**Student:** 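Before I ask anything, here is the structure I am working with.
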Amino acid sequence: MTQHHVIADIDLGKLSKNVETLKQQVNGAALMAVVKANAYGHGLIQSAQAAKRGGADWLATALLSESIELRDAGVSGPILCWLNTPDDEFAQCVAKDIDLGVNSVETLNSISAAAKTVGKTARVHVKVDTGLGRNGVTLNDLPDLISALKSAQNQGNVNVVGVMSHFAYADEPSNSTIGEQISNFKIAVDALTDANFELAVKHLSNSAATLGLPHTYYNLVRPGVAIYGISPGPEVGEAPQHGLQPVMRLRAPIVLLKRVPAGTGVSYAHQYHTTTETTLALIPAGYADGIPRSASNKGPIQISGKRFKVAGRVCMDQFVVDIGDTEAKLGDYAVLFGDPADGEPGLNEWAQAADTINYEIVTRIGPRVHRNYLNG
Ligand SMILES: *Cc1c(COP(=O)(O)O)cnc(C)c1O
């Protein structure tokens with residue numbers, strides 16, 4: 001075996017295709033591919049490049065370090081980074097032409113100071129809280145931020161190029177907060193326009209809105225999870241209904257097979273006992289790799305084309321599968337999730353087994369897992 005036991009096959013061709021498919025559905029709006037959190041576990045640089053090959057006009061990250069990593073890898077074109085704090089070191093970002101989300105006067109001051117040091121104008125997108133109640137400036141605090149933006153722009157330190165906000169309930173297309181957030185967004189857009197800022201981009205649509213709320217596209221959409229072929233939620237529909245294909249497939253080899261009698265306790269605290277004489281397969285993947293421990297006794301596994309479940313506890317580095325009398329040999333791969341269209345367990349089944357959402361499973365796939373890039 002190689003050093004890495006667990007393999008995530010990442011089909012970059014499918015990622016490009018998903019971006020292409022989404023772009024065809026957004027009535028001419030530009031597309032910003034969200035590649036935060038190591039591209040939702042898929043690998044930052046390779047995924048960003050694949051998204052661009054598929055026609056992504058922009059890239060976006062949460063953290064400055066992620067945007068800088070993109071630039072340092074030679075990725076060109078517009079990049080936005082939005083989870084910014086007053087303590088962040090913005091100088092490098094301004095120097096590397098990374099657009100910045102601004103959510104407060106304090107963050108703006110820090111960005112302005114950095115721009116001054118670098119001798120460049122920082123491009124900023126005003127991040128407004130239109131009702132999510134998380135990041136972003138409230139409509140109440142917006143006038144103060146606008147005054148500060150005006151003076152920073154007059155001094156040549158910043159250029160306000162965009163406005164953005166984020167939905168609380170985009171995955172429930174008929175939720176009443178959606179309309180309220182759209183009206184609040186309009187109030188923010190009008191206030192910024194009245195202050196004479198030329199807003200080149202206005203963006204509000206995450207994946208769920210991109211797939212289900214065409215009236216929220218403005219001139220730029222900002223999907224993350226959908227570009228990886230993952231549905232943002234059941235009400236929005238399954239990924240294949242939107243022509244999207246899962247990009248990641250997670251597999252690990254069988255490293256030990258043993259025949260055991262009925263009544264054998266399996267893994268820590270014997271949360272599983274064999275009911276007959278049977279074969280146990282050891283899979284070297286555990287919660288340190290991002291396999292949720294909460295999926296103990298539940299997580300679906302495919303071996304030799306047949307469906308099983310994790311037997312007993314998921315441990316730090318390994319778990320066991322009771323494969324009965326199924327034929328399998330050492331080195332055969334157990335598939336945790338892949339493409340349900342090919343009969344493999346789906347990511348959503350794992351999310352359900354672990355009582356979480358599909359986003360959490362992929363973003364937690366850890367650094368010990370080898371990303372095997374295909375069709376790059
Ligand atoms: C993560 C994030 C997105 C992308 O969300 P998805 O649901 O993955 O499409 C878009 N905008 C903001 C502000 C985010 O934090």
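Numbers here are sequence positions counted from 1. Only a predicted model underlies this, so the values are computations on that prediction, with no experimental measurement involved. Only this structure's heavy atoms are used, side chains among them; waters, hydrogens and symmetry mates stay out.
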**Student:** Identify whether the distance between the nearest side-chain nitrogen and carboxylate oxygen of D97 and R71 falls below 4.0 Å.
**Tutor:**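 So D97 does not pair with R71 through a salt bridge.
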**Student:** Output, in order, the C-alpha distance, side-chain angles, deciding distance and verdict of side-chain contact (heavy atoms from CB on, under 4.5 Å) for H42 and R371.
**Tutor:** CA-CA 7 Å; H42 293 67; R371 270 77 175 170; over 6 Å; no
**Student:** With no hydrogens and no angle check, is any side-chain donor or acceptor of N358 less than 3.5 Å from a backbone partner on S231?
**Tutor:**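 Here the side-chain-to-backbone pair exists.
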**Student:** Looking at N219 and K202, would you say the former's side chain and the latter's main chain have a donor-acceptor pair under 3.5 Å?
**Tutor:** yes
**Student:** When you look at V75 and K52, which way does the side-chain contact (heavy atoms from CB on, under 4.5 Å) test go after all the steps?
**Tutor:** CA-CA 9 Å; V75 177; K52 292 193 73 169; 4.1 Å; yes
**Student:** Taking L12's backbone N and O only, do any of them form a donor-acceptor pair with N375's side chain (distance below 3.5 Å, no angle check)?
**Tutor:**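 No, because the side chain of N375 does not come within donor-acceptor range (under 3.5 Å) of the backbone of L12.
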**Student:** Please confirm whether the backbone N or O of G346 pairs with a side-chain atom of E349, one donor and one acceptor, at under 3.5 Å?
**Tutor:**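 Judged by distance alone, yes, a pair lies under 3.5 Å.
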**Student:** Considering all heavy atoms of both residues, which atom of N18 and which atom of G243 are nearest to each other, and what is their separation?
**Tutor:**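 Of all heavy-atom pairs spanning N18 and G243, the closest is OD1-O, 4.2 Å.
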**Student:** Is the NZ atom of K116 crowded by more than 12 outside heavy atoms at less than 6.0 Å?
**Tutor:** no
**Student:** Give me the ring orientation class for H125 and H203: parallel if the planes are under 30° apart, tilted from 30 to 60°, perpendicular past 60°.
**Tutor:**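 If you compare the ring of H125 with that of H203, the planes turn out perpendicular.
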**Student:** Less than 4.5 Å apart, any side-chain heavy atom of V163 and any of F197?
**Tutor:** no
**Student:** Less than 4.5 Å apart, any side-chain heavy atom of F319 and any of V266?
**Tutor:**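 F319 vs V266: side chains apart.
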**Student:** Please round to the nearest 0.5 Å and tell me the distance separating atom CG of D339 and atom NZ of K14.
**Tutor:** 5.0 Å
**Student:** Apply side-chain hydrogen bond (donor to acceptor under 3.5 Å, both in side chains) to residues T107 and N84 and explain how you reach the verdict.
**Tutor:** CA-CA 7 Å; T107 306; N84 301 320; over 6 Å; no
**Student:** If we only count heavy atoms from C-beta on, is the V126 to L142 side-chain gap below 4.5 Å?
**Tutor:**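 Yes, at least one pair of side-chain atoms sits under 4.5 Å.
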**Student:** So do T61 and S67 actually touch side chain to side chain, heavy atoms under 4.5 Å?
**Tutor:** yes
**Student:** Could you measure the distance from the OG atom of S205 to the CG atom of L22? Nearest 0.5 Å is fine.
**Tutor:**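 Rounded to the nearest 0.5 Å, the OG-CG separation comes to 11.5 Å.
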**Student:** Should I146 and L199 be counted in the same cluster of Ile, Leu, Val, Met, Phe, Trp and Tyr side chains packed under 4.5 Å apart?
**Tutor:** yes
**Student:** Quick check: is V260 connected to V255 through a chain of hydrophobic side chains (ILVMFWY, heavy atoms under 4.5 Å apart)?
**Tutor:**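 Linked, V255 and V260 end up in one cluster.
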**Student:** Where do D129 and R134 come nearest, in terms of heavy atoms and distance?
**Tutor:**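 The answer is OD2-N, 3.6 Å.
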**Student:** Show your working on side-chain hydrogen bond (donor to acceptor under 3.5 Å, both in side chains) between N175 and T177 and close with a plain yes or no.
**Tutor:** CA-CA 6 Å; N175 193 282; T177 61; 2.8 Å; yes
**Student:** Could you pull out every donor-acceptor pair under 3.5 Å between side chains of residues 298-306 and any protein atom, sequence neighbours left out?
**Tutor:**
{"residue": "K298", "atom": "NZ", "partner": "A353", "partner atom": "O", "Å": "3.3"}
{"residue": "S304", "atom": "OG", "partner": "E327", "partner atom": "O", "Å": "2.7"}
{"residue": "K306", "atom": "NZ", "partner": "T326", "partner atom": "OG1", "Å": "3.2"}

**Student:** Using only atom types and a distance under 3.5 Å, with no angle test, would you say the side chain of S296 pairs donor to acceptor with the backbone of V314?
**Tutor:**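 Present.
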**Student:** Are any non-hydrogen side-chain atoms of L64 and I98 less than 4.5 angstrom apart?
**Tutor:** no
**Student:** Using every non-hydrogen atom in the two residues, find where A51 and L59 come nearest and quote the distance to one decimal.
**Tutor:**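 What the structure gives for the nearest pair is CB-CD2, 4.4 Å.
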**Student:** Can you see which heavy atom on Y359 is nearest to which on P232, and at what distance?
**Tutor:**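 Where Y359 meets P232 most closely, the heavy atoms are OH-CB, 3.5 Å.
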**Student:** Given the rule in the side-chain hydrogen bond (donor to acceptor under 3.5 Å, both in side chains) test, do E238 and N348 qualify, once you have shown the distances and angles that lead to the verdict?
**Tutor:** CA-CA 10 Å; E238 294 296 324; N348 289 343; 3.2 Å; yes
**Student:** By salt bridge (Lys or Arg N to Asp or Glu O under 4.0 Å), which residues pair with E69, not counting sequence neighbours?
**Tutor:** none
**Student:** Transitively linked via ILVMFWY side-chain contacts under 4.5 Å: L257 with Y333?
**Tutor:**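 No; Y333 is not reachable from L257 via cluster members.
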**Student:** If you apply the rule side-chain contact (heavy atoms from CB on, under 4.5 Å), what do you find for Q318 with V320, and how did you get there?
**Tutor:** CA-CA 7 Å; Q318 47 195 306; V320 174; over 6 Å; no
**Student:** Got a salt bridge between R249 and D342, using NZ or NE/NH1/NH2 to carboxylate O under 4.0 Å?
**Tutor:** no
**Student:** Membership question, hydrophobic clusters at under 4.5 Å side-chain separation (ILVMFWY): are Y169 and L211 in the same one?
**Tutor:**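 Different clusters: L211 never reaches Y169 through Ile, Leu, Val, Met, Phe, Trp or Tyr contacts under 4.5 Å.
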**Student:** Can V369 be reached from L336 by stepping across I, L, V, M, F, W or Y side chains whose heavy atoms are under 4.5 Å apart?
**Tutor:**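 Yes, because L336 and V369 connect within a single hydrophobic cluster, where side-chain heavy atoms sit under 4.5 Å apart.
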**Student:** Step through the shown structure and confirm whether more than 12 heavy atoms of other residues, nucleotides or ligands are within 6.0 Å of NZ on K309.
**Tutor:** no
**Student:** Report, as yes or no, whether the 6.0 Å neighbourhood of atom CD on Q352 holds more than 12 heavy atoms from other residues, nucleotides or ligands.
**Tutor:**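 Count not over threshold, so no.
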**Student:** N109 side chain to E106 main-chain N or O, any donor-acceptor pair under 3.5 Å?
**Tutor:**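 No: the side chain of N109 does not pair with the backbone of E106.
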**Student:** Taking side-chain contact (heavy atoms from CB on, under 4.5 Å) as the criterion, tell me which of I7, D9, I291 meets it with L250.
**Tutor:** I291
**Student:** With a 3.5 Å distance limit and no angle check, can you tell me whether T274 reaches the backbone of P261 through a side-chain donor-acceptor pair?
**Tutor:**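 Between the backbone of P261 and the side chain of T274 there is a qualifying donor-acceptor contact (under 3.5 Å).
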**Student:** I would like to know whether F167 and I178 meet side-chain contact (heavy atoms from CB on, under 4.5 Å); could you show each step before the answer?
**Tutor:** CA-CA 7 Å; F167 281 119; I178 291 168; 4.0 Å; yes
**Student:** Drop me the distance from I111's CD1 to F90's CZ, to the nearest 0.5 angstrom.
**Tutor:**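 If I round to the nearest 0.5 Å, the distance is 4.5 Å.
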**Student:** Please report the closest heavy-atom contact between P246 and P340, naming both atoms and the distance.
**Tutor:** CG-CD, 4.3 Å
**Student:** Roughly how far, to the nearest 0.5 Å, is CE of M32 from CG of D99?
**Tutor:**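 The CE atom of M32 is 7.5 Å from CG of D99, to the nearest 0.5 Å.
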**Student:** Measuring only between side-chain heavy atoms, which start at C-beta, is D88 closer than 4.5 Å to T85?
**Tutor:**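 SC-SC contact between D88 and T85 confirmed.
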**Student:** Under 3.5 Å, is there a donor-acceptor pair between the side chain of Y217 and the main chain of T210?
**Tutor:**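 At least one qualifying donor-acceptor pair exists.
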**Student:** Just by modelled atom types, is the A113 backbone N or O under 3.5 Å from a matching donor or acceptor in the N157 side chain?
**Tutor:** no
**Student:** Has the side chain of Q25 got a donor or acceptor atom that lies under 3.5 Å from a matching backbone atom of H242?
**Tutor:**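 Yes.
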**Student:** Working to the nearest 0.5 angstrom, can you tell me the gap between I227 CD1 and S47 OG?
**Tutor:**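 Reported value, rounded in 0.5 Å steps: 7.0 Å.
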**Student:** Does a salt bridge link D332 with R251, judged by any charged N lying under 4.0 Å from a carboxylate O?
**Tutor:**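 Looking at D332 and R251, the cut-off is not met.
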**Student:** Could you work out the complete set of other residues in the hydrophobic cluster of M316, with links drawn between I, L, V, M, F, W and Y side chains under 4.5 Å apart?
**Tutor:**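 Result for M316 is Y287.
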**Student:** Could you please spell out the steps behind the salt bridge (charged side-chain N to carboxylate O under 4.0 Å, His left out) verdict for D11 and K17?
**Tutor:** CA-CA 10 Å; D11 192 325; K17 190 75 187 29; over 6 Å; no
**Student:** Other residues, nucleotides and ligands only: do more than 12 of their heavy atoms fall within 6.0 Å of CG on N154?
**Tutor:** yes
**Student:** Looking at every non-hydrogen atom in both residues, tell me the closest pair between V35 and L44 and how far apart they are.
**Tutor:**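 Shortest heavy-atom separation between V35 and L44 comes out as O-CD1, 3.3 Å.
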**Student:** Using side-chain heavy atoms (C-beta onward) and a distance below 4.5 Å, is D289 in contact with H5?
**Tutor:**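 No; the side chains remain at least 4.5 Å from each other.
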**Student:** Measuring from Q46:CD to Y373:OH, what's the distance to the nearest 0.5 Å?
**Tutor:**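 Output value for this atom pair is 4.0 Å.
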**Student:** Using side-chain heavy atoms (C-beta onward) and a distance below 4.5 Å, is F337 in contact with M248?
**Tutor:** yes
